[in-house]
Amino acid sequence: MPDADTVPAAAAPAPANKSRGRNTRVSEAKARLAANTILYVDGVTVAFDGFRALNELSLFIEKGELRTIIGPNGAGKTTMMDVVTGKTRPDKGDVLFDEGSVDLTRLDEAAIANLGIGRKFQKPTVFEHLTVFENLELALKTDRRILATLLFRLGAAQARRIDETMGLIGLGDRRSARAGTLSHGQKQWLEIGMLLMQEPQLLLLDEPVAGMTDHETEATAEMLLDIARERSVIVVEHDMEFVRRLGAKVTVLHEGSVLAEGSIDYVQNDARVIEVYLGR
Amino acid sequence: MTRLFRIQSKAGWAAFVVIFGIALVAVPWLNLMIPVDSPYHLPDYMVSLLGKYLCYALLALSLDLVWGYAGALSLGHGAFFALGGYCMGMHLMRQIGTRGVYGNADLPDFMVFLNWKELPWYWFGFDHFAFAMVMVVLVPGVLAFVFGWFAFRSRITGVYFSIITQAMLFAFMLAFFRNEMGFGGNNGLTDFKDLLGYDLHDQSTRVGLYVASVVLLACGFLIGRFISSSKLGRVLVAIRDAESRVRFLGYSVTNAKLFAFTISAVLAGLAGALYVPQVGIINPSEFSPANSIEVAVWVAVGGRGTLFGAILGAFAINGAKSYFTGAAPEIWLFFLGALFIGVTLLMPKGILGLASGLAARLKRPPAATPQQETALVAGREHA
Ligand SMILES: Nc1ncnc2c1ncn2[C@@H]1O[C@H](COP(=O)(O)OP(=O)(O)OP(=O)(O)O)[C@@H](O)[C@H]1O
Ligand SMILES: [Mg+2]
């Protein structure tokens, strides 16, 4: 059985059958890679029936960086996350992880998750028939193989970590509640809690405060800032208040590529950004 | 070891011991020890009938493991059941020896009738009980592993999975109907004489087979509990709820489903193997699509994802079937159809779900019912 956690640490070199052009581009790219990138996306194109959801997208995220991504509906934000997490294969381009040491385009979802890349979906997806505790337990970083999972026994330290996380996401008193009975905001938090249990190096959050009240949004912002201290985080959001609150570098996507990048004040005053996104 | 005790609650263990204990002791006692003229005597045919139900219950339980937990509705489980049954049937055929109509020690009667000169290679080894038992496990297990590997790796889910399992079943049925296959064509395998030296027509042998069925079902139930109460069991439920989310947590959905499907097929095969000596025949009708669909009805009626519900459903429906086919055979199929529609519409969690729902309502009358809670959540989602 192929095993998800015996992933070959594929150094990025392209296989021999790839064109020369690509070969040189990767090595050139590697040269350009600062020692510090956690995620390196370069020249990525994804087309659905000829329509380019991503168009020569390039994006570099540094280790420990918190990055916010904004852009109009259909700009390709979710598709970018699909490419990074292995759900969608790019037609063209490089997606490298951890200082360019791993080529993500060759791995499946489970292998990428086990490398330390966690993802929260736009529509909150928790396991409705499992309890809050069980949801977190499944996410807990452990041996993912079948037999190990069958014989798994939760240690005391692990149980304490789950309890701590439950407190952090404000669900300490809902331990045995089925996830399906939680409110929308609580589900979002549970999903963030699950990501924390995975101890990822890189966290991708797709619209984490969609549908939250102002109060919940503020609490989430604080939580994210806390989380981002120990890992790299990419947040996609439409809520500009929230983006401002995070105070991180902002990348604006439009029609599948980067339109502008910089501080929130910089992009908010960019004429093209105002035209395609903020002005409407 | 303690893990074994924690696969179910104390109350669960108590119920388990009581139910299987009664099945194990009371039935043989009422049949063998109580005089025939006593009103408490259990007639011989009832023992065989209950033994048959037990095999059906194990088949239902095996389906519940993949459908109720992993969410993959297999409509081809009858194939695993029948293959286990054929492996046992082949051994029983070889046990006949020279006692067949043609008195041929080397060939089963149907091969002599077809003018075959020698035993096909795939019949070799079935003279030995141990070999046949290994095949009972291996044939359904390997088939499920290979079939499941292709299906799950290609991410075939939902109704498409149901359809291809049904197609597999249908292919087996057509193949086994052919005389050239060497499995007795549409007559199948029958006229068995004895098993391990015990005459199959002796009542004590029948009681022995019944007891073996109880023990096997109990083991199947405990294996199912062991899996469903483990973290892997929760991964299976998670796959049923949101398959792709499980992948992003780093679990191999393919391997988890493959594990459940293979174990399930082995249990179904074992059920078939014990079924055949109790009914005295195995033929290709066991592969008929309607039979496999009926198994899904048993599970749905009893309550999915509970293991015990599958057993309950198998007994309830087969009990009703035995009654109706005696009392009013013409309405049985209508009754079954109506029951399935009724259960799907009115009791989505089956008999067990209905029972536990009533129990919960009695415990906390004024609180919001689960339906109200979900409605609240759903309302917020749409807002
Ligand atoms: N599987 C798919 N098949 C066809 N088209 C797709 C598919 N996935 C995405 N698209 C299209 O690609 C474009 C980019 O979609 P994407 O979901 O990445 O946008 P987004 O930036 O996340 O938008 P939103 O803010 O609405 O979430 C959209 O036009 C969408 O319709
Ligand atoms: Mg999106």
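Below, chains carry the letters A, B, ... as their sequence lines are ordered, and counting in each starts from 1. Atoms considered below: every heavy atom in the structure, side chains included; atoms not considered: hydrogens, waters and symmetry mates.
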Any donor-acceptor N or O pair under 3.5 Å, side chains A/Gln188, A/Lys120 |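 The criterion, which ignores hydrogens and geometry beyond distance, is satisfied for A/Lys120 and A/Gln188.
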
Relative to each other, are the rings of B/Phe16 and B/Phe20 parallel, tilted or perpendicular (30° and 60° limits)?
->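 Answer is tilted, since the angle falls between 30° and 60°.
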
Relative to each other, are the rings of B/Phe261 and B/Phe80 parallel, tilted or perpendicular (30° and 60° limits)?
->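 Taking B/Phe80 first and then B/Phe261, their aromatic rings stand perpendicular (interplane angle over 60°).
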
Return yes if some donor-acceptor pair links the side-chain N/O of B/Asn255 with the main-chain N/O of A/Ile146 below 3.5 Å, else return no.
->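 Not a single qualifying donor-acceptor pair exists.
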
Would a distance-only check, ignoring hydrogens and angles, find a side-chain to backbone donor-acceptor pair under 3.5 Å from A/Arg144 to B/Leu249?
->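 The answer is yes, because a donor-acceptor pair under 3.5 Å joins these two groups.
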
With chain A, which of B/Val246, B/Thr254, B/Leu232, B/Ile239 has the greatest number of heavy-atom pairs at distances under 4.5 Å?
->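 Highest number of pairs under 4.5 Å: B/Leu232.
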
Which bit of A/Leu151 is near chain B, if near means a heavy-atom gap under 4.5 Å: side chain, backbone, both or neither?
->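 The answer is the side chain of A/Leu151.
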
Residue among A/Glu191, A/Lys87, A/Lys141 with most heavy-atom pairs under 4.5 Å to chain B |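 The option with the most such pairs is A/Glu191.
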
Counting heavy-atom pairs under 4.5 Å to chain B, which of A/Thr125, A/Leu130, A/Thr149 comes out on top?
->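 Among A/Thr125, A/Leu130, A/Thr149, the one with the most close pairs to chain B is A/Thr149.
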
Under 4.5 Å from any heavy atom of chain A - which part of [X]:
| X | answer |
| --- | --- |
| B/Phe259 | side chain |
| B/Val237 | side chain |
| B/Val253 | neither |

Does A/Glu128 come within less than 4.0 Å of A/Arg178, counting only side-chain N to carboxylate O?
->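 No.
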
